Amino acid sequence: MTIALWLRQKLPGAELAELQKRLATHRSWARWMDDEERILKRMSCPLLDAHGGCSVHPVRPLACRAITSLDSQSCSEAFFPVVTDEDRLVPADLFRKAVFDTAFTALASGLRLVGLDDRSIELGTGVLAFLEHPELTERFLAGAKLPQALWQ
């Protein structure tokens, strides 16, 4: 929701429309894939810019903030789609990951405590839903559950 609001403020109409097309394509391809399948198909986040940077960096989700590779080469190699039984380890800041994972869980608990929808949703699908249906923001903030179709 926050990302959709931010994008509406930051992007001109034509760029926003192009992003929505990219998000819709991503949703149709990635909706039922797990992380391994996405890696094998070399699918990247639909919110990356032309240079591979995060286009929503100031408002990126907690899950993205928790990803902290300490070695860019190891990280790149881990996402190179090669089927192997060998573990490909990526040195990471595990304390930072633990902090953000805890924050993510606490946020869900807090949402649940105040009667808001606490279900997690695939990033591209969620951003697209809030871009296409701005009324979902009011619905969410009023304490109503988001449409089940977002998870189907």
Side-chain angles (χ1 to χ4, degrees), residues 1-70 72 75-76 78-81 90-152:
M1 177 179 65
T2 301
I3 293 170
L5 292 168
W6 189 83
L7 287 168
R8 269 197 219 98
Q9 291 174 352
K10 297 288 181 187
L11 294 183
E15 281 184 50
L16 189 58
E18 184 57 39
L19 175 60
Q20 284 182 258
K21 285 182 195 173
R22 201 164 61 241
L23 288 167
T25 300
H26 172 81
R27 179 185 59 198
S28 68
W29 272 91
R31 191 165 201 157
W32 306 112
M33 291 182 195
D34 62 21
D35 288 342
E36 269 188 37
E37 289 174 292
R38 290 178 188 184
I39 291 168
L40 284 171
K41 294 189 185 284
R42 298 198 63 125
M43 296 189 73
S44 59
C45 175
L47 296 171
L48 294 180
D49 63 23
H51 306 290
C54 178
S55 67
V56 297
H57 195 266
V59 293
R60 70 195 183 280
L62 285 172
C64 296
R65 292 171 190 261
I67 298 171
T68 55
S69 169
L70 299 175
S72 62
C75 190
S76 294
F79 285 99
F80 189 75
V90 178
D93 182 343
L94 296 181
F95 178 73
R96 181 176 177 173
K97 180 170 181 6
V99 167
F100 281 105
D101 288 349
T102 301
F104 183 85
T105 303
L107 177 60
S109 294
L111 289 169
R112 192 172 36 259
L113 280 173
V114 297
L116 296 176
D117 201 333
D118 67 334
R119 296 175 291 173
S120 186
I121 189 169
E122 193 276 324
L123 178 61
T125 299
V127 171
L128 182 60
F130 280 98
L131 284 173
E132 289 180 336
H133 304 283
E135 70 278 5
L136 289 178
T137 298
E138 289 178 33
R139 183 177 177 166
F140 173 79
L141 294 175
K145 291 284 186 188
L146 296 173
Q148 187 61 35
L150 294 175
W151 286 270
Q152 296 174 341

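Note that the numbering runs from 1 along the sequence shown for the chain. Owing to the predicted nature of the structure, the values given are computational and were not obtained by experimental measurement.
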Give, for atom [atom1] of [X] and atom [atom2] of [Y], the distance between the pair rounded to the nearest 0.5 Å.
X: Met1; Y: Leu136; atom1: CE; atom2: CG; answer: 10.0 Å
X: Leu48; Y: Cys54; atom1: CG; atom2: SG; answer: 7.0 Å
X: Leu23; Y: Ser28; atom1: CG; atom2: OG; answer: 11.0 Å
X: Thr137; Y: Leu5; atom1: OG1; atom2: CG; answer: 5.0 Å
X: Arg60; Y: Leu123; atom1: CZ; atom2: CG; answer: 12.5 Å

Taking every non-hydrogen atom, the tightest pair across [X] and [Y]:
X: Val56; Y: Ile3; answer: CG1-CG2, 3.7 Å
X: Pro46; Y: Gly124; answer: CG-CA, 4.4 Å
X: Asp117; Y: Leu146; answer: OD2-N, 2.9 Å
X: Leu131; Y: Pro134; answer: O-CD, 3.9 Å

Please identify each residue that fulfils side chain to side chain contact (heavy atoms under 4.5 Å, CB included) with Gln148, with sequence neighbours left out.
->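 Arg119, Trp151, Gln152.
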Return the set of residues passing side chain to side chain contact (heavy atoms under 4.5 Å, CB included) with Leu62 (not counting sequence neighbours), or none when no residue passes.
->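 So Leu62 forms a side chain to side chain contact (heavy atoms under 4.5 Å, CB included) with Arg65, Phe100, Ala103, Phe104, Leu107.
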Could you tell me whether Glu138 atom CD has more than 12 heavy atoms of other residues or ligands within 6.0 Å of it?
-> no
Set of salt bridge (charged side-chain N to carboxylate O under 4.0 Å, His left out) partners for [X], sequence neighbours left out:
X: Arg112; value: Asp118
X: Arg139; value: none
X: Asp101; value: Lys97

Output every pair passing side-chain hydrogen bond (donor to acceptor under 3.5 Å, both in side chains) with a member in residues 9-26, not counting sequence neighbours, ordered by first then second residue.
-> His26-Glu122
Less than 4.5 Å apart, any side-chain heavy atom of Leu150 and any of Phe130?
->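 Side chain of Leu150 against side chain of Phe130, heavy atoms only: no contact under 4.5 Å found.
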Please examine the side chains of Pro147 and His133, heavy atoms only from C-beta on, and report whether any two atoms are closer than 4.5 Å.
-> no
